[in-house]
Protein chains: 2
Amino acid sequence: MSAAATTSQPRRPRSGNRRDEAARLAVLHAADDLLVEHGFGALTVEAIARRAGVAKQTIYRWWPSKVEILLDTLIEDSAKRIPVPADEPTAESVRGYLRGFARFLTRDPAGKVLLALLAEAQHDPDTARSLHERCLAPRRARERAMLTGATDAGEIAPTLGPDATMDALLGPIVYRALTGASIPRGLVDTLVDALLRPRAN
Amino acid sequence: MSAAATTSQPRRPRSGNRRDEAARLAVLHAADDLLVEHGFGALTVEAIARRAGVAKQTIYRWWPSKVEILLDTLIEDSAKRIPVPADEPTAESVRGYLRGFARFLTRDPAGKVLLALLAEAQHDPDTARSLHERCLAPRRARERAMLTGATDAGEIAPTLGPDATMDALLGPIVYRALTGASIPRGLVDTLVDALLRPRAN
DNA sequence: GGTGTGTCTAGACGGTGCGTCTCGACAAGG
DNA sequence: CCTTGTCGAGACGCACCGTCTAGACACACC
């Protein structure tokens with residue numbers, strides 16, 4: 001979560017040269033840029049090393065795979081660009097969050113990172129585990145808090161539990177992004193209206 | 001669509017040996033089995049050739065990539081296992097379709113193929129194009145017909161257009177499958193109730 | 001029956017990225 | 001000073017890529 005955090009807990013060397021922060025940032029940015037410019041297929045460790053002006057071994061010393069590099073950039077970017085609203089437990093803040101999420105996925109380069117990792121998770125179990133533990137689960141915990149807060153405040157009355165409700169809201173957005181479709185404003189509005197304020201029963 | 005159809009239109013050789021149907025089926029089944037058993041990461045053309053007992057050249061002669069092999073199996077399997085209801089334009093048939101779709105994605109081995117291709121489409125533009133043209137678009141056309149038929153019959157009254165409605169219904173199912181979550185019956189029911197039978201306005 | 005024509009298996013080929021390894025240079029701590 | 005650890009540079013064997021060649025075989029046509 002902290003800006004200096006990396007994959008594993010920061011090591012505490014007794015002596016020797018410290019980690020080169022410039023190299024770390026160069027790798028992160030190189031991976032990000034290459035993904036956006038040439039796609040995940042062209043994203044190789046050797047290409048990242050070339051682009052970052054860094055030795056391949058330096059990458060392997062700190063990251064077990066290119067996926068973890070992307071995960072580092074994603075965690076930092078998503079925390080900045082689409083924070084989960086925690087202050088105002090209103091239906092409107094949920095709607096705003098979903099709109100921001102939709103724009104993140106379709107417009108923000110960092111959104112491509114999330115889609116790429118979600119995709120790679122289908123191909124590689126390690127990626128799936130890392131993506132959940134380091135990104136999806138923490139975010140989901142905050143989303144749950146957002147929903148239960150708004151429910152307790154009487155702002156919304158979802159039929160489903162918090163997890164299923166969030167998946168019902170996010171699922172269509174993610175699916176449209178995955179299939180390359182745009183996400184019209186009306187879609188988000190309808191989802192919020194239909195799922196968070198159900199007809200009286 | 002026909003069982004013998006392959007990637008390109010069936011060639012019309014004037015003479016010479018015809019295509020070996022046994023080899024074609026062996027490749028299809030080998031790809032399917034390898035994907036389910038060892039995941040997409042271990043799915044290589046050479047592995048498929050070994051498993052199918054077929055020369056690599058035979059694969060490259062008929063398929064431009066392993067993705068097209070998977071697409072061939074997916075098109076055949078999905079047509080059999082989750083046909084789009086076309087006869088009875090009722091809300092209940094839509095609900096049944098979604099339930100079948102959910103079970104397909106989570107339980108059926110062929111569902112893994114769809115998830116893998118949806119994932120690969122994020123990494124490779126050619127895969128994205130093929131997946132849309134050969135699988136998603138045709139299915140979507142039938143889904144649209146299903147929705148408009150039910151709407152005309154007065155069975156449902158969706159707020160959104162047919163495309164957005166289908167994405168709103170399928171999105172959560174696909175997203176749960178992508179994240180490895182189960183798809184409870186209540187989720188499908190709530191989606192159908194909330195999106196197809198909106199409160200009067 | 002001979003001649004083409006196209007598919008099949010088998011395997012070699014150069015190219016590329018993988019992840020590991022070694023090497024020499026360098027910087028900080030003890 | 002000397003240990004510890006990182007850095008860049010690059011070689012290594014491995015796996016798979018997609019292409020290519022070679023030879024055997026089956027069918028169509030004449």
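Here the structure is a predicted model, which is why all the values come from computation and not from measurement. Here is the naming used below: chain letters follow the sequence lines, and residue numbers restart at 1 for every chain.
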(message) Does the structure place the NZ or CZ of Arg18(A) under 6.0 Å from the centre of the six-membered ring of Trp62(A), at an angle of no more than 45° from the ring's axis?
(response) no
Rounded to whole Å, how long is the line connecting atom [atom1] of [X] with atom [atom2] of [N]?
X: Ile69(A); N: dC18(C); atom1: CD1; atom2: C1'; result: 14 Å
X: Asp124(A); N: dC18(C); atom1: CG; atom2: P; result: 14 Å
X: Ile59(A); N: dG10(D); atom1: CD1; atom2: C1'; result: 15 Å
X: Arg61(B); N: dG18(D); atom1: CZ; atom2: P; result: 16 Å
X: Asp20(B); N: dA10(C); atom1: CG; atom2: C1'; result: 16 Å
X: Asn17(A); N: dT6(D); atom1: CG; atom2: P; result: 9 Å
X: Lys66(B); N: dC16(D); atom1: NZ; atom2: P; result: 10 Å
X: Glu46(A); N: dG10(D); atom1: CD; atom2: P; result: 13 Å

Contacts of Arg50(B) and Ala23(A) projected onto DNA chain D by closest heavy atom; the upstream (5') one is Ala23(A)
Answer whether the closest heavy-atom distance between the side chains of Val113(A) and Asp77(A) falls below 4.5 Å.
-> no
query: Phosphate oxygens OP1/OP2 of dG18(D): is one of them under 4.0 Å from a side-chain N or O of Trp63(B)?
result: no
Discussion item. Does Thr44(B) reach a base, just sugar-phosphate, or nothing at all? Heavy atoms under 4.0 Å.
Written reply: sugar-phosphate
**Prompt:** Looking at Lys66(A) and Glu120(A), does any basic side-chain N land under 4.0 Å from a carboxylate oxygen?
**Reply:** no
Donor-acceptor contacts under 3.5 Å from residues 97-105 of chain B side chains, at least two apart:
residue: Tyr97(B); atom: OH; partner: Arg139(B); partner atom: NH1; Å: 2.9
residue: Tyr97(B); atom: OH; partner: Glu143(B); partner atom: OE2; Å: 2.7
residue: Arg99(B); atom: NH1; partner: Asp189(B); partner atom: OD1; Å: 3.0

When the side chains of residues 125-132 of chain B are checked against the rest of the protein, which donor-acceptor pairs come out under 3.5 Å, sequence neighbours left out?
residue: Thr127(B); atom: OG1; partner: Asp124(B); partner atom: OD2; Å: 2.8
residue: Ser130(B); atom: OG; partner: Glu68(B); partner atom: OE2; Å: 2.5
residue: His132(B); atom: ND1; partner: Ala128(B); partner atom: O; Å: 2.8
residue: His132(B); atom: NE2; partner: Thr179(A); partner atom: O; Å: 3.0

Rounding to 0.5 Å, atoms CD1 (Ile48(A)) and OG1 (Thr58(A)) come to a distance of 13.0 Å
dist Leu25(B):CG -> Thr73(B):OG1 (nearest 0.5 Å) comes out at 12.0 Å
Taking for Ala47(A) and for Ala55(B) the nucleotide of DNA chain C with the nearest heavy atom, the one nearer the 5' end belongs to Ala55(B)
Using atom names, set out every protein N or O paired with an N or O of nucleotides 19-21 of chain D below 3.5 Å, distance rounded to 0.1 Å.
residue: dC20(D); atom: N4; partner: Gln57(B); partner atom: OE1; Å: 2.7

Among dT7(C), dG8(D), dC7(D), the one nearest any side-chain atom of Trp62(B) is dT7(C)
